[in-house]
Amino acid sequence: MNATDRLRAAVVTAARSLGAPADFAPVIERPRDPTHGDWATNAAMALARPLGKKPADIARALVDALDKGAAGVADASVAGPGFINFRLAAGDLAAGLATVLQLGEQYGRTQDGAGRAVNVEFVSANPTGPLHVGHGRQAALGDAISSLLVYTGWTVTREFYYNDGGGQIERLRDSVRARAIDSALGDDHYHGEYVRDVATYAIERIAADRATTSGAVRQMLATEWEDDAALRDAVRRHAVAYLRGEQDTDLKAFGVRFDVYYLESSLYGEQRVDGTISALMKTGHAFEQDGAIWLRTTTFGDDKDRVMKRSAEKGGEPTYFVPDVAYHVTKWERGFARAIDVQGADHHSTVTRVRAGLQALEIGIPKGYPEYVLHQMVTVMRAGEEMKISKRAGSYVTVRDLVDEVGRDAVRYFFLMRKGESQLVFDVDLARKQSDENPVYYIQMAHARLCGIFRVGEVDAAAVTGAGVDWARLSEPEERELVKTLLDWPALVKGAADALEPHRVATWLLETARLVHLWYHKHHVLGEAPEVTQARLALAKAARIVLANGLAVLGISAPERM
RNA sequence: GCGCGAGUAGCUCAGCUGGAUAGAGCGUCGGCCUCCGGAGCCGAAGGUCGUGGGUUCGAAUCCCGCCUCGCGCACCA
């Protein structure tokens, strides 16, 4: 049991003796103002209503009833409207660091997920062009959310869904052909410069396949396009392969790996799309109108019903959300207790539809399945101006542009430092700066600095285990603050995981780094009295561990020197 | 028009699921270099939490109305 749980248990015991209900669960928290104490509880205020007494009176009674020894506090006092503030003996507070040193990179991990399977789907870009900044934000978010879930005991599968069916791929194919034969581009073609590279690649591959020359392939593309289905298919195949390869390269450079690449086209091969339509018709939530088959999604909270299968005159194909439903059924069937989809907010209209489809199947999928993490758009700024033009993509900035220019760590941090629902302004100039103005630098510097202490002092960090440390030596205000923040890490990471909000980790890291710098600047570790140096080395190592753990969750490196 | 998101310091944003005097970074102003790295640190100024009501011991946080901005409202994907 940790210090907080011990304190909470003691408060509950005292509250029960005053007649508190059996399920009473007071909040134990750190007061915002450190002069108030190390911990505080709102127990008296929360009991005001059930007990019918004034919070201040209850607070005094609680303090009298509290077993301070069992609670592990040196002092308890009533303040403000009825808060009870607790102060720990200096040594008792810092003794918590022993756990940090003992657990190392395990510190903060929990088993909340109990090994259950969760699927995190993100990026899922169509293979029609390079990854742009929005995909980058999604890659950073999805990867960090996955890490948070791993950290809290879930078995995570990172998944990338390829929309390799549908009209966009035909558009890509036709664009490549247009580029290959230098014909004019229409409104329904992709205009990015990258299409030229795709065309070059496709021509070379087709020339190799057919044992002929590039020139001959160009000629065929110009004259035999309409008649040669195999040629059209070859262009499509090679174009998709090329762009998938490019996307993989970008993601690798960004340090993101996927466990599963799921192809939309495979759903058709397995008859899952048609199967989903007939299954939905069987459950009675479908109906026919105007020659099309509709799903009554309004039953499940949608504002209008949706077409599942187009009428004959519109081609008779299923609409987009049907394969999406079929796809999510596979997640359920593959045994994922939770499915989390990270998407741009411009896709939020599909949320209701997909969930409605899953519910309408009536196969026991929970109502909130899948969970969605939606994020707003990214604006890239340079020299105070919005950047839109990329050499590669033409009309938007790519992930590769950003990673090339500012580095992977900075890109990750900048994408993760805001909550997803906030629009994000990516300041390229700031991200490039190698100074304290740049938050990622500031945090990494704190880590490097702590490593520097061991390096300069020629202290073997592995030998600092916390054994024999007189924790009461860590009595400076800056030390107490830092200690408390480090001990907050497990609760912080749990909260971030539960809320699927990695930005909390980013914000917390910045605050922790600030406290490290402050402490470092004001107090020396080396060259003090042996007991003091020993205690401070323990603190330095604990801080280094926790910073490294936090950076690891975000997928950012923790350099030992800068 | 309907739905979703956002509106907090000059700027960019946090605010831990309702708590104490609303915070951080940057910017501005004023200080600090014999130092385990100045790639740093300290201090100050700066707020009607968009707005008007409501709920209660207590609201930036929950509810309702209104305003502004973004996104979405296909037999597109």
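Residue numbering restarts at 1 for every chain, and letters A, B, ... go by the order of the sequence lines.
Residue contacts for H375(A): at a heavy-atom cut-off of 4.0 Å it reaches no nucleic acid atom on any strand shown. Within 4.0 Å of V525(A), counting heavy atoms only, lies at least one base atom of the nucleic acid. Using a 4.0 Å heavy-atom criterion, one finds that N126(A) contacts the sugar-phosphate atoms exclusively. Contacts of H521(A) with the nucleic acid, taken as non-hydrogen atoms under 4.0 Å apart, include base atoms. Counting non-hydrogen atoms under 4.0 angstrom, A292(A) reaches a base of the nucleic acid. Using a 4.0 Å heavy-atom distance criterion, L430(A) is classed as making no nucleic acid contact. G452(A) comes within 4.0 angstrom of the backbone, heavy atoms only, and of no base.
Checked against salt bridge (Lys or Arg N to Asp or Glu O under 4.0 Å), D112(A) has the following partners two or more places apart in sequence or in another chain: K494(A). Contacts of Y369(A) classified as ring pair (Phe, Tyr, Trp, His ring centres under 6.0 Å), with partners at least two apart in sequence or in another chain: W332(A). For Y413(A), the side chain to side chain contact (heavy atoms under 4.5 Å, CB included) partners at least two apart in sequence or on another chain are M417(A), P439(A), V440(A), I443(A), A506(A), L510(A), L554(A), I556(A). The ring pair (Phe, Tyr, Trp, His ring centres under 6.0 Å) test applied to Y162(A) returns F160(A), not counting sequence neighbours.
Screening E478(A), E479(A), E481(A), E476(A) for a salt bridge (charged side-chain N to carboxylate O under 4.0 Å, His left out) involving K522(A) leaves a single residue, E478(A).
Separating the C1' atom of rA45(B) from that of rC33(B) is a span of 26 Å, rounded to the nearest Å. Taking the P atom of each, rC63(B) and rC4(B) are spaced 11 Å apart, rounded to whole Å. Taking the P atoms as reference points, rG50(B) lies 30 Å from rC42(B), given to the whole Å. Comparing rG7(B) with rG43(B), their P atoms are spaced 29 Å from each other, to the whole Å. Straight-line distance between the P atoms of rC2(B) and rC66(B): roughly 8 Å, to the nearest whole Å. One P atom belongs to rC26(B), the other to rA22(B), and the distance between them is 22 Å to the nearest Å. Separation of the P atoms belonging to rA60(B) and rU51(B) is 11 Å when rounded to the nearest angstrom. rG15(B) and rA6(B) have their C1' atoms separated by 16 Å, given to the nearest Å.
Nucleotide rA77(B) holds its P atom 9 Å from the CD atom of E264(A), rounded to whole Å. At whole-Å resolution of the value, CG in D429(A) and C1' in rC26(B) are 13 Å apart. Across the protein-nucleic acid pair, F321(A) atom CZ and rC73(B) atom C1' stand 15 Å apart, rounded to whole Å. Atom OH of Y520(A) is separated from atom P of rC35(B) by 12 Å (rounded to the nearest Å). The CG atom of D324(A) sits 11 Å away from the P atom of rA77(B) (whole-angstrom rounding). Between the CZ atom of R449(A) and the C1' atom of rC35(B) there is a distance of 11 Å, rounded to whole Å. Here the C1' atom of nucleotide rC69(B) and the CD atom of Q376(A) are 11 Å apart, to the nearest Å. Here rC35(B) presents its P atom at 15 Å from CG of L526(A), a figure rounded to the nearest Å.
By the rule that a glycosidic angle within 90° of 0 means syn, rC33(B) counts as syn. Shown here, rU34(B) is classed anti by the O4'-C1'-N9-C4 or O4'-C1'-N1-C2 angle, which is more than 90° from 0.
Interface remark: the H348(A) side chain does form a donor-acceptor pair with the rG3(B) base, using a distance-only criterion of under 3.5 Å. Remark: the S311(A) side chain and the rC75(B) base include a donor-acceptor N/O pair separated by less than 3.5 Å.
Of the listed nucleotides (rA74(B), rC35(B), rC75(B)), rA74(B) has the atom at the smallest distance from the side chain of R306(A). With rA74(B), rA77(B), rA14(B) as the choices, the nucleotide that has an atom nearest any side-chain atom of K304(A) turns out to be rA74(B). Which of rC41(B), rA77(B), rG72(B) sits closest to the side chain of S349(A) comes down to rG72(B). In the set rC75(B), rU12(B), rG72(B), rU12(B) carries the atom at the smallest distance from any side-chain atom of R418(A).
Interatomic distance, F83(A) CZ to S77(A) OG, rounded to the nearest 0.5 Å: 12.5 Å. Here Y441(A) contributes atom OH and D409(A) contributes atom CG; the two are 9.5 Å apart, rounded to the nearest 0.5 Å.
In RNA chain B, the stems built from three or more successive Watson-Crick or G-U pairs (distances below 3.5 Å) are B:1-7 with B:67-73, B:10-13 with B:23-26, B:28-32 with B:40-44, B:50-54 with B:62-66.
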Decide ring-ring contact (aromatic ring centres under 6.0 Å, His included) for F300(A) and H285(A); before the verdict, give the C-alpha distance in whole Å, the side-chain angles of both, and the deciding distance to 0.1 Å.
CA-CA 10 Å; F300(A) 305 96; H285(A) 295 290; 5.1 Å; yes

Show your reasoning for whether salt bridge (charged side-chain N to carboxylate O under 4.0 Å, His left out) applies to K419(A) and E501(A).
CA-CA 7 Å; K419(A) 62 180 171 193; E501(A) 291 183 349; over 6 Å; no

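Of the N and O atoms on the side chains of H517(A) and R449(A), at least one donor lies less than 3.5 Å from an acceptor on the other residue. There is no side-chain donor-acceptor pair under 3.5 Å between W39(A) and E29(A).
Relative orientation of the Y161(A) and Y327(A) rings is parallel, given thresholds of 30° and 60° on the angle between their planes.
When each of K309(A) and A491(A) is assigned the nucleotide of RNA chain B with its nearest heavy atom, A491(A) is the one assigned upstream, toward the 5' end.
An aromatic stacking contact between H517(A) and the base of rC41(B) is absent, as defined here by ring centres under 5.5 Å apart and ring planes under 30° from parallel.
Look at K522(A) and you won't find any side-chain N or O under 4.0 angstrom from OP1 or OP2 of rC35(B).
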When you compare the protein's N or O atoms with those of nucleotides 17-25 of chain B, which come within less than 3.5 Å of each other, and at what distance?
| unit_1 | atom_1 | unit_2 | atom_2 | d |
| --- | --- | --- | --- | --- |
| rA20(B) | OP2 | R32(A) | NH1 | 2.8 |
| rA20(B) | N6 | N85(A) | OD1 | 2.8 |
| rA20(B) | N1 | N85(A) | OD1 | 3.0 |
| rA20(B) | N1 | N85(A) | ND2 | 3.2 |

